[in-house]
Protein chains: 2
Amino acid sequence: MRLTTKGRFAVTAMIDVAMHGTQAPVTLAAVSERQKISLSYLEQLFGKLRRHGLVESVRGPGGGYNLAHPADSVSVADVILAVDEPIDATQCGGRENCFDDRRCMTHELWAGLNEHIFGYLRSVTLAELVRQQQPKSGDVSVLQDHRQPPKPRAKAELLPS
Amino acid sequence: MRLTTKGRFAVTAMIDVAMHGTQAPVTLAAVSERQKISLSYLEQLFGKLRRHGLVESVRGPGGGYNLAHPADSVSVADVILAVDEPIDATQCGGRENCFDDRRCMTHELWAGLNEHIFGYLRSVTLAELVRQQQPKSGDVSVLQDHRQPPKPRAKAELLPS
DNA sequence: TTTTAGTTGACTAAATCATTCGGGAATTGT
DNA sequence: ACAATTCCCGAATGATTTAGTCAACTAAAA
């Protein structure tokens with residue numbers, strides 16, 4: 001699990017698409033303008049998002065990107081995973097070819113931490129994030145625990161070789 | 001919040017010190033050998049850990065590093081923060097000089113996500129991680145919720161200018 | 001057939017990561 | 001006083017990642 005600004009950009013852009021893409025596809029130029037993210041950078045990110053099945057593209061005039069699945073079935077984790085590719089980095093590559101006597105500590109350790117953080121990011125959907133953007137007047141009650149009980153969710157299915 | 005192998009190295013090393021430093025200070029050479037981390041890299045990391053008040057150093061023969069505070073009062077978050085310096089990167093620098101109409105979305109959004117992840121990392125102490133390493137025989141029950149109710153904790157006090 | 005907009009790939013500058021090197025300074029033991 | 005040990009510090013390095021740019025291309029619409 002990696003957690004950098006790259007993933008943030010992707011999530012931000014996805015929220016933008018979710019918010020403005022209800023009628024027609026959203027063009028990257030529009031996202032770029034609204035979110036102040038470089039157009040070409042967005043192109044890279046959306047290339048990955050598309051290949052991971054998170055968005056669909058429409059070419060030509062009036063084209064742009066749409067969410068491939070309803071916003072409440074896409075988690076923050078899905079988005080981050082799509083752009084920030086895997087990396088496990090437990091140093092013992094996930095196997096137990098560690099060394100010495102005991103298996104290298106970091107093994108279970110980071111797996112557990114990752115699992116937790118990941119579980120959370122998986123529980124937050126785009127729909128919730130969009131919902132929090134809507135109330136323009138009135139105070140935003142900071143992002144309290146809106147997470148729902150685990151429910152089956154459409155998963156990005158293709159990992160092109 | 002950033003989450004990379006750098007922070008992992010630091011936590012791993014801190015666990016090593018916590019485990020082997022009960023009698024005498026732990027030398028970085030020993031940590032390097034046991035955890036297979038480059039000595040010079042450890043020196044860099046421990047320089048930061050020391051400046052943040054997480055470890056104390058003893059020079060000369062028989063010297064090395066000791067935890068500056070008991071292992072159950074040091075959280076994973078403390079360690080990661082010490083080496084992976086701040087970075088907020090909400091793009092609007094934390095202030096609301098964003099642009100446009102609404103304040104840039106990412107603001108509250110990532111603050112909230114960060115807060116949660118951070119809360120978790122702050123709830124896991126070195127002592128717990130050490131405890132999980134001890135049972136050499138018998139299965140390790142994967143890192144279930146061992147976290148204790150919030151308790152006041154010694155905080156790294158100095159940020160040298 | 002021109003315009004819009006996605007698609008792809010290569011390329012770049014800057015930052016970060018992980019590591020190495022070299023020379024210090026403090027402490028211990030002789 | 002001297003040598004060994006260990007921390008301390010800064011600079012340099014190569015590899016990777018970030019973030020951004022550029023240019024050429026394809027598909028669809030008007």
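The analysis underlying the following values was restricted to heavy atoms, covering all of them including side chains, and did not include hydrogens, waters or symmetry mates. Letters go in sequence order (proteins before strands), and every chain restarts at 1.
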Check whether any side-chain N or O of [X] sits under 4.0 Å from OP1 or OP2 of [N], and answer yes or no.
X	N	value
Tyr41(A)	dA19(D)	yes
Arg51(A)	dT7(C)	no
Arg59(B)	dG24(C)	no

- Rounded to the nearest 0.5 Å, how far apart are CD1 of Ile37(B) and CG of Leu42(B)? 5.0 Å

- Message: With rounding to the nearest 0.5 angstrom, report the CZ to CG distance, Arg34(A) to Asp16(A).
- Response: 4.0 Å

- Message: Using modelled atom types and a 3.5 Å cut-off, is there a donor and acceptor pairing between side-chain atoms of Lys48(A) and backbone atoms of Val83(A)?
- Response: yes

What nucleic acid atoms does [X] come within less than 4.0 Å of, heavy atoms only: base, sugar-phosphate, or nothing?
X	answer
Tyr65(A)	sugar-phosphate
Leu28(B)	sugar-phosphate
Val26(B)	sugar-phosphate

- Look at the side chain of Gln44(B) and the base of dC9(D), then say whether one donor and one acceptor between them are separated by less than 3.5 Å. no

- Message: Going by side-chain contact (heavy atoms from CB on, under 4.5 Å), Leu49(A) matches just one of Val17(A), Asp78(A), Leu54(A). Which one?
- Response: Leu54(A)

- Message: What verdict does the salt bridge (charged side-chain N to carboxylate O under 4.0 Å, His left out) test give for Arg50(B) and Glu43(B), after you've listed the backbone C-alpha separation in whole Å, the side-chain angles of each residue and the deciding distance to 0.1 Å?
- Response: CA-CA 10 Å; Arg50(B) 187 178 56 84; Glu43(B) 285 176 350; over 6 Å; no

[X] has an atom [atom1]; how far is it from atom [atom2] of [N], in whole Å?
X	N	atom1	atom2	answer
Leu3(B)	dT16(C)	CG	P	16 Å
Lys6(B)	dA15(C)	NZ	C1'	11 Å
Glu43(A)	dC11(C)	CD	P	18 Å
Leu45(B)	dC17(C)	CG	P	10 Å
Glu56(A)	dT7(C)	CD	P	11 Å
Gln35(B)	dT19(C)	CD	C1'	18 Å
Phe9(B)	dT19(C)	CZ	C1'	10 Å
Leu42(B)	dC17(C)	CG	C1'	14 Å

- Query: For the residue pair His116(B) and His116(A), does the interplanar ring angle fall in the parallel (under 30°), tilted (30 to 60°) or perpendicular (over 60°) class?
  - Reply: parallel

What's the closest nucleotide to the [X] side chain, out of [options]?
X	options	value
Ser38(A)	dG20(D), dC17(C), dC9(D)	dG20(D)
Pro61(B)	dT18(D), dT27(C), dT7(C)	dT27(C)
Ser57(B)	dC7(D), dG20(D), dG6(C)	dC7(D)
Thr4(B)	dC7(D), dC21(C), dC17(C)	dC17(C)
Arg50(B)	dT20(C), dG20(D), dC8(D)	dC8(D)

- Of Gly47(A) and Gly62(A), the one whose closest nucleotide on DNA chain C sits nearer the 5' end is Gly62(A)

